[in-house]
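What follows is one structure encoded as structure tokens, with my remarks underneath.
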Amino acid sequence: MSEFDTNIPTTFDPFAEANAEDSGAGTKEYVHVRVQQRNGRKSLTTVQGLKKEYSYSKILKDLKKEFCCNGTVVEDPELGQVIQLQGDQRKNVSTFLVQAGIVKKENIKIHGF
């Protein structure tokens with residue numbers, strides 16, 4: 001055998017790290033807070049990505065009482081349970097979730113216009 005045979009590098013997969021990160025589902029779970037425009041000036045705030053062990057109805061009850069708005073829990077086939085609130089409550093919901101200890105501040109993503 002020549003010295004060139006020993007210096008041949010093994011196959012390298014450049015996407016191995018990316019695939020390893022994707023397989024670790026649950027390591028970087030984000031809670032997404034979005035606003036959706038309805039008709040005119042009306043809007044909806046949606047909260048998705050909360051852990052399944054939380055009682056969505058109790059969180060919704062506290063959110064409705066705290067912000068004096070109406071809301072509901074909607075079952076989506078792809079996203080699971082989603083909390084919907086009336087009005088643009090993005091900042092209110094994010095501070096509430098952090099203060100209640102449900103989610104860390106760095107795990108909240110706020111979307112919208």
Side-chain angles (χ1 to χ4, degrees):
M1 291 224 170
S2 67
E3 63 184 71
F4 296 114
D5 292 337
T6 58
N7 292 337
I8 296 175
T10 59
T11 58
F12 175 71
D13 186 10
F15 299 107
E17 293 178 11
N19 291 337
E21 291 173 5
D22 291 342
S23 65
T27 56
K28 272 290 196 191
E29 287 291 325
Y30 288 109
V31 174
H32 299 277
V33 180
R34 293 185 170 91
V35 66
Q36 294 177 346
Q37 191 68 31
R38 285 183 35 212
N39 47 358
R41 294 173 50 190
K42 307 291 183 181
S43 60
L44 279 177
T45 303
T46 61
V47 181
Q48 73 180 50
L50 292 173
K51 294 183 180 175
K52 304 221 184 290
E53 60 258 13
Y54 291 123
S55 173
Y56 283 76
S57 59
K58 289 184 180 181
I59 293 173
L60 176 66
K61 183 179 177 182
D62 291 340
L63 287 170
K64 286 167 51 174
K65 190 170 186 176
E66 183 75 23
F67 307 134
C68 299
C69 66
N70 202 357
T72 185
V73 177
V74 177
E75 184 67 36
D76 189 79
E78 292 179 9
L79 306 173
Q81 290 185 332
V82 178
I83 296 176
Q84 287 184 347
L85 295 170
Q86 285 183 346
D88 187 3
Q89 307 287 345
R90 289 175 290 175
K91 291 183 180 174
N92 295 335
V93 168
S94 64
T95 56
F96 178 84
L97 292 175
V98 170
Q99 287 178 354
I102 297 171
V103 182
K104 294 180 182 174
K105 186 174 177 86
E106 57 268 7
N107 290 346
I108 295 179
K109 292 213 178 225
I110 299 176
H111 306 278
F113 41 85

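Everything numeric here is computed off the predicted structure, so don't read it as measured data.
Counting heavy-atom neighbours within 6.0 Å of E78 CD, excluding the residue itself, gives a total of 12 or less. At most 12 heavy atoms of other shown residues, nucleotides or ligands fall within 6.0 angstrom of atom CZ in R41.
Between atom NZ of residue K105 and atom CD of residue Q99 there is a gap of 10.0 Å, rounded to the nearest 0.5 Å. Summarising the geometry, atom CG belonging to L97 is positioned 14.5 Å from atom NZ belonging to K104; distances are rounded to the nearest 0.5 Å. Remark: K109 NZ to S94 OG distance equals 14.0 Å, nearest 0.5 Å. For the atom pair R38 CZ and Q86 CD, the distance stands at 6.5 Å (nearest 0.5 Å).
In this structure, R90 pairs ionically with D88, as a charged nitrogen and a carboxylate oxygen lie closer than 4.0 Å.
A continuous path of Ile, Leu, Val, Met, Phe, Trp and Tyr side chains, each step under 4.5 Å between heavy atoms, connects I108 with I102, placing both in one hydrophobic cluster. If you chain together hydrophobic residues whose side chains sit under 4.5 Å apart, V33 and F67 fall into the same group. Connection of Y30 to V47 is not established within any shared hydrophobic cluster, with ILVMFWY side chains joined at heavy-atom distances below 4.5 Å, either directly or through further cluster members. Placement of V98 and Y54 within a single hydrophobic cluster is found when ILVMFWY residues are connected by side-chain heavy-atom separations under 4.5 Å, directly or transitively. Criterion: ILVMFWY side-chain heavy atoms under 4.5 Å apart, direct or through other members. Under it, V73 and F96 are part of a common hydrophobic cluster.
With hydrogens and angles ignored, the 3.5 Å screen pairs a side-chain donor or acceptor of T45 with a backbone N or O of G87. In terms of modelled atom types and a separation under 3.5 Å, the side chain of Y56 and the main chain of I83 share no donor-acceptor contact. With S43 contributing its side chain and Q37 its backbone, the two residues share no donor-acceptor pair below 3.5 Å.
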Query raised in the report: Does the pair V31 and N107 meet the rule for a side-chain contact (heavy atoms from CB on, under 4.5 Å), with working shown?
Result: CA-CA 6 Å; V31 174; N107 290 346; 5.7 Å; no

Query - Criterion side-chain contact (heavy atoms from CB on, under 4.5 Å) on E29 and K51, from CA distance to verdict - result: CA-CA 9 Å; E29 287 291 325; K51 294 183 180 175; 5.9 Å; no

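Closest approach of T46 and Q84 over heavy atoms only: CG2-CG, 3.9 Å. Of all the heavy atoms in C69 and L85, the pair that sits closest is SG-CD2, 4.0 Å.
T95 has its side chain out of reach of K91: every pair of non-hydrogen atoms, C-beta onward, lies at least 4.5 Å apart.
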